[in-house]
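Here's the structure we're looking at; comments come further down.
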Protein chains: 2
Amino acid sequence: MFKLNTCLVLFNKNSIPLKSNFNDKQILILEVAETLFAEKGFDGTSIRNIAKVAKINIAMVSYYFGSKERLLESLIVYRTSDLKNQLDNLLNEELEPIDKINKLIELYINRINSNRGIYRILHFEFTSKKREQNLQAFSELKKGNLKSLEAIIEEGQKKGIFRKDVIIPLITPTILGTFFHFHMNKPFFENLLNLKTEDLYNNYIKTNLTKHIQQTIKALLIYES
Amino acid sequence: MFKLNTCLVLFNKNSIPLKSNFNDKQILILEVAETLFAEKGFDGTSIRNIAKVAKINIAMVSYYFGSKERLLESLIVYRTSDLKNQLDNLLNEELEPIDKINKLIELYINRINSNRGIYRILHFEFTSKKREQNLQAFSELKKGNLKSLEAIIEEGQKKGIFRKDVIIPLITPTILGTFFHFHMNKPFFENLLNLKTEDLYNNYIKTNLTKHIQQTIKALLIYES
DNA sequence: AAAAAAATTAAACACTTGTTTAAATTAAAC
DNA sequence: GTTTAATTTAAACAAGTGTTTAATTTTTTT
């Protein structure tokens, strides 16, 4: 009567297989919801709206997710769950700490850039006071990410490469903040940097912007005043 | 039966008298709406919600503003109408172009910083596709602001102080974008820069951040590659 | 003080919202 | 093939939405 844990195997863009706890219909609903939430906001999107676009009955959202709020929570889980695994894999690679940091930044920017919908939702819904409760899943993810980052940096500090007076929790906001500012002003930078096509824009992010952020964090961690 | 143009005189923080087309009750409604829209978003705020906080009848919003959407438009007009006058006054001052630019930046940052509610609304509501139509009033304001900026810069270009290959429409986004990025990550910078009190935070914006933006724009306008 | 205009109110309007129900259909298990 | 479980459906639910109405109160004008 109420089946939630159908497991299937998905492939991300680097063809690393990963489990998902959502079935095909749930994923359809999640991806339609992602598009609409990103376009019109959570409050601006109705379940009937989602159902119409996804061509499903309006009761299916409650059937599969319980409620609209839980749909949002599931969406966050769906789009962020494998990030933890990717970070864990990175942690176990045999690399110098600074190379791990660089890879971590590349991974962050790549992920956000290819999942703009969910990060737009996170940016808009969770900077408003109304949705403060819903971010539990998101908050736990961030805690996990921070732990991974801490592990890398403490490794670098033990080796004497990184400064010891750096405030680790502030590094993630720096990485993400730089990207968001760039992307929130997309039309501006498209003109400024002559990024006429979507490809040119994406390429600029992948190369120049990522490089800039890497240099920034490297300077923060290594530079002695 | 329907009176909209009661004029009264208001005083802004620099005690420059300015006319307002809204009466006391309308202003009450506008300011309550501003708070709630900023807190919970336009869609997340109901007219009954506004009426309750403002302690007025729910019909008063329609009576004074026509509709909820027109209330939002009126709010934008209310909070941005005197900016044009301030810019015009600045234009007519006898100052060197670079000093006018510096004053313009100071004026922008000061205004946004002391009207965070409306700029939060503008940032959130008008970066979503849903509210694209409503920004006519806002769009006209920006066009007017751009004209003022163009006037100052062309004056500087004639005097041979400013470069001539600068893209003027991109300067405003640079000024505002720098501030917004700082402010959207307020908790981050409060920690990073040890701005424990609201006063310390505001003071940092007024001094260091403003100075930084002024230096940036100055470099953009004057620096020869 | 009387008349006209403006402001305010409670009630109702028609519509949308998220969610639930109970029946019907489809798929899976035996 | 029958039974059981999972899915899908249309309909209804109660609550909330923006807006309008028509009557009442308050204020202004004459």
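Chain A is the first sequence line, chain B the second, and so forth, proteins listed ahead of strands; every chain is numbered from 1.
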Value in whole Å for how far the [atom2] atom of [N] lies from [atom1] of [X]:
X: A/Lys55; N: D/dA10; atom1: NZ; atom2: C1'; result: 20 Å
X: B/Asp24; N: C/dA7; atom1: CG; atom2: P; result: 11 Å
X: B/Lys52; N: C/dA10; atom1: NZ; atom2: P; result: 14 Å
X: A/Lys25; N: C/dA27; atom1: NZ; atom2: C1'; result: 13 Å
X: B/Asn23; N: D/dT28; atom1: CG; atom2: P; result: 12 Å
X: B/Ile47; N: C/dC15; atom1: CD1; atom2: P; result: 17 Å
X: A/Gln26; N: D/dT8; atom1: CD; atom2: P; result: 10 Å
X: B/Lys40; N: D/dT17; atom1: NZ; atom2: C1'; result: 13 Å

Would you say a side-chain N or O of A/Ser46 is under 4.0 Å from OP1 or OP2 of C/dT17? yes
Does B/Asn57 place a side-chain N or O at less than 4.0 Å from the phosphate oxygens OP1/OP2 of C/dA10? yes
Out of [options], which has the shortest distance to the side chain of [X]?
X: B/Arg48; options: D/dG18, C/dA10, D/dT9; result: D/dG18
X: B/Tyr63; options: D/dT9, D/dT19, C/dA7; result: C/dA7
X: B/Ala59; options: C/dG18, C/dT9, D/dT8; result: C/dT9
X: B/Ile58; options: D/dT7, C/dT21, C/dA12; result: C/dA12

Keeping [X] on the side-chain end and [Y] on the backbone end, is there a donor-acceptor pair under 3.5 Å?
X: A/Thr45; Y: A/Leu36; answer: yes
X: A/Thr210; Y: A/Ile205; answer: yes
X: B/Asn115; Y: B/Arg111; answer: yes
X: B/Arg116; Y: B/Asn113; answer: yes

Could you check B/Ser67 against A/Met60 and say which one's nearest nucleotide on DNA chain D is further toward the 5' end? A/Met60
I need the B/Ile56 CD1 to B/Ile50 CD1 distance, nearest 0.5 Å.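 Here the rounded value is 8.0 Å.
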